[in-house]
Participant: 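Here you go, one structure.
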Amino acid sequence: MTPIDFSRRQLMAALAGSAALATLPLPSRVFAQQPLPSLIKLVVGYSAGGPVDGAARLLAPALSQELGTQVIVDNRPGASGSLGGDAVAKAAPDGTVLFFGASPTITINPNVQRHMAFDPMKDLTPIAPLVDYTNVLVVNNELPVRNVGELLAYAKARPGKVFYGSAGVGASNHLSGALLEKMTGVQMTHVPYKGSAPALADVMGGTVTMMFDIIATSKPFIQSGKVRALAVTSRQRNRMLPEVPTMIESGVPGYDVGGWFGLYGPARMDPALVARVNAAAQKMLAREDIARRLREQGYDVWSGAPDLLATKGVSDRKLWASASKGIEAE
């Protein structure tokens with residue numbers, strides 16, 4: 001699959017409207033004049049019980065409090081979040097339907113799904129960044145390696161015989177492994193699963209060698225000695241695993257990837273309505289009780305104006321276009 005060519009014109013189109021909201025904030029009395037629906041459906045593109053759904057259900061009541069209107073989670077699973085995103089893209093831009101967008105839906109799916117029904121950059125309105133997170137590289141505890149350098153040497157001596165699991169073809173942890181292969185020239189073998197949980201179970205069982213996983217999910221198994229953490233994928237060490245080095249520290253220069261969740265609406269939303277919802281989201285994320293609960297789930301608060309979310313979407317889509325070259329989701 002040919003990576004998407006991002007021109008300056010496309011970047012400016014993706015940021016249209018949202019940049020104006022950042023540089024020319026509306027006074028609070030204008031926010032108050034902007035009517036809100038009595039019920040907002042917060043669409044999640046994944047099944048109930050997973051990490052995206054868990055974060056959405058944590059934030060929905062708080063957002064409801066800040067907006068003064070009811071916000072309920074509406075699960076629309078399928079196609080790595082694309083079915084939910086498409087439903088929001090086709091909704092009326094009146095605020096009744098919003099999208100709790102996970103970064104793979106926005107930045108990976110357009111590169112690996114041949115027949116994606118909508119374009120996140122054109123058919124959604126960025127409203128507010130919400131949280132970001134870091135992954136950790138874990139290996140089977142019996143594997144005779146203690147760091148990334150030893151893992152790469154082990155894999156180089158056994159081309160194609162080191163297996164890494166993922167939540168499926170085109171998932172962020174799949175492309176994290178593919179990016180490691182591209183950056184180091186090491187040949188490994190990808191094993192897709194229907195979700196991260198069964199992949200992690202097989203890392204513990206020794207069916208696959210390793211995987212990249214959300215820190216909050218893997219931490220209990222790291223602490224119990226069922227898997228071994230080799231490195232985190234962020235530029236800095238993570239507060240949940242302060243003793244674990246970064247991939248960059250471990251000898252893979254430039255390896256800095258992670259994930260995030262953001263709030264989106266359909267295209268052509270009224271800028272004043274976007275500004276009102278963004279203000280409520282920022283107020284929600286400034287609450288210590290919300291920040292603490294997010295940290296407990298392994299997330300960090302990521303708050304700001306709509307253009308911050310738009311810019312991040314564009315840059316990460318370019319990153320994954322390179323990593324996903326030749327990969328096509330089912």
Side-chain angles (χ1 to χ4, degrees), residues 3-26 31 34 40 42-45 52 55-56 59 63 80-82 84-91 93-95 97-111 113 116-133 172 256-285 299-322 324:
I4 298 171
D5 178 25
F6 289 87
S7 66
R8 179 175 176 83
R9 181 176 297 176
Q10 287 173 303
L11 173 60
M12 296 305 294
L15 301 179
S18 59
L21 291 171
T23 56
L24 298 172
L26 294 174
F31 297 161
Q34 188 63 28
I40 295 175
L42 184 61
V43 174
V44 173
V52 184
L59 293 177
L63 184 61
S80 298
S82 288
D86 184 50
V88 175
K90 289 180 169 58
D94 57 4
V97 179
L98 302 178
F99 186 44
F100 193 85
S103 54
T105 306
I106 307 299
T107 65
I108 294 177
N109 290 3
N111 293 311
Q113 292 183 359
M116 193 169 177
F118 75 106
D119 184 340
M121 301 300 171
K122 297 178 180 178
D123 301 327
L124 296 176
T125 296
I127 296 175
L130 297 173
V131 300
D132 61 14
Y133 61 87
S172 60
D256 177 20
V257 298
W260 42 266
F261 304 146
L263 187 63
Y264 295 82
R268 298 176 300 281
M269 278 187 68
D270 186 327
L273 179 58
V274 172
R276 182 172 182 184
V277 178
N278 176 274
Q282 293 202 54
K283 188 175 179 182
M284 168 187 70
L285 294 171
Y299 301 119
D300 290 307
V301 168
W302 182 42
S303 181
D307 70 318
L308 178 62
L309 180 60
T311 302
K312 183 64 172 173
V314 171
S315 62
D316 279 10
R317 188 163 164 178
K318 290 180 67 176
L319 167 69
W320 293 125
S322 174
S324 65

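We're numbering straight along the sequence, starting at 1. Not measured: the values here are computed from a predicted model.
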Participant: Can you name the nearest heavy-atom pair linking A305 to P129, along with the distance?
Facilitator: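 A305 and P129 have their closest heavy atoms at O-CD, 3.6 Å.
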Participant: Can you find a heavy atom in the side chain of V131 that is under 4.5 Å from one in the side chain of V301?
Facilitator: no
Participant: Is it true that a side-chain atom of D123 and a backbone atom of K90 form a donor plus acceptor pair closer than 3.5 Å?
Facilitator: no
Participant: Distance-only, no hydrogens or angles: does the N278 side chain make a donor-acceptor pair with backbone N or O of G304 under 3.5 Å?
Facilitator: yes
Participant: Quick check for you: to the nearest 0.5 Å, what is the distance between L98 atom CG and I40 atom CD1?
Facilitator: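 Between L98 CG and I40 CD1, I get 5.5 Å after rounding to 0.5 Å.
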Participant: Could you tell me if the side chain of S172 sits less than 4.5 Å from the side chain of I108, heavy atoms only?
Facilitator: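 The answer is yes; the side chains approach within 4.5 Å.
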Participant: Rounded to the nearest 0.5 Å, how far does CG of D316 lie from CD1 of I106?
Facilitator: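 Answer rounded to 0.5 Å: 11.0 Å.
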Participant: Between NZ of K283 and CG of L63, what distance do you get to the nearest 0.5 Å?
Facilitator: 12.0 Å
Participant: If we only count heavy atoms from C-beta on, is the V257 to L319 side-chain gap below 4.5 Å?
Facilitator: yes
Participant: Should V274 and P306 count as side-chain neighbours, where that means a heavy-atom distance under 4.5 Å?
Facilitator: yes
Participant: What are the two closest non-hydrogen atoms of V52 and A102, and how far apart are they?
Facilitator: CG2-CB, 4.0 Å
Participant: Run R268 and D94 through salt bridge (Lys or Arg N to Asp or Glu O under 4.0 Å) and show every step you take.
Facilitator: CA-CA 9 Å; R268 298 176 300 281; D94 57 4; over 6 Å; no
Participant: Do you know which two heavy atoms are closest between F99 and V43, and how far apart they sit?
Facilitator: CD1-O, 3.4 Å
Participant: Check for a donor-acceptor pair, side chain of S103 on one end and backbone N or O of W260 on the other, with a separation under 3.5 Å.
Facilitator: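 Answer holds: yes.
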Participant: Would you confirm whether S82, through its side chain, and A117, through its main-chain N or O, come within 3.5 Å as a donor-acceptor pair?
Facilitator: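 Checking the backbone N and O of A117 against the side chain of S82, no donor-acceptor pair under 3.5 Å is found.
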Participant: Could you tell me if the side chain of D86 sits less than 4.5 Å from the side chain of M116, heavy atoms only?
Facilitator: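 No, too far: nothing below the 4.5 Å cut-off.
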Participant: Looking at CG of N111 and CH2 of W320, how far apart are the two atoms once the value is rounded to the nearest 0.5 Å?
Facilitator: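 One gets 10.5 Å once the value is rounded to the nearest 0.5 Å.
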Participant: I'd like to check V314 versus M121 (side-chain heavy atoms, cut-off strictly below 4.5 Å). Are they in contact?
Facilitator: yes
Participant: Could you work out, with ring-ring contact (aromatic ring centres under 6.0 Å, His included) as the rule, every residue matching Y133, not counting sequence neighbours?
Facilitator: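 Per chain and number, Y133 pairs via ring-ring contact (aromatic ring centres under 6.0 Å, His included) with F261, Y299.
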Participant: Any side-chain heavy-atom pair from L42 and L263 closer than 4.5 angstrom?
Facilitator: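 SC-SC contact between L42 and L263 confirmed.
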Participant: Without swapping roles, check the side chain of T125 against the backbone of Y264 for a donor-acceptor pair under 3.5 Å.
Facilitator: no
Participant: Counting only N and O atoms by type, is there a donor-acceptor contact under 3.5 Å from the side chain of T311 to the main-chain atoms of L308?
Facilitator: no
Participant: What pair of heavy atoms forms the shortest contact from Q113 to S80, and how long is it?
Facilitator: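 Shortest heavy-atom separation between Q113 and S80 comes out as NE2-CB, 4.0 Å.
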Participant: Between P110 and T105, what is the shortest heavy-atom contact and its length?
Facilitator: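 Distance-wise, the nearest heavy atoms are CD-O, 3.7 Å.
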Participant: Do L124 and V88 touch side chain to side chain, with heavy atoms closer than 4.5 Å?
Facilitator: yes
Participant: Under 4.0 Å between a Lys/Arg side-chain N and an Asp/Glu carboxylate O for D270 and R276?
Facilitator: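 Salt bridge flag = no for R276 with D270.
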Participant: If you compare all heavy atoms of L130 against all heavy atoms of M284, which two are closest, and at what distance to 0.1 Å?
Facilitator: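 Looking at all heavy atoms of both residues, the closest pair is CD2-CE, 4.1 Å.
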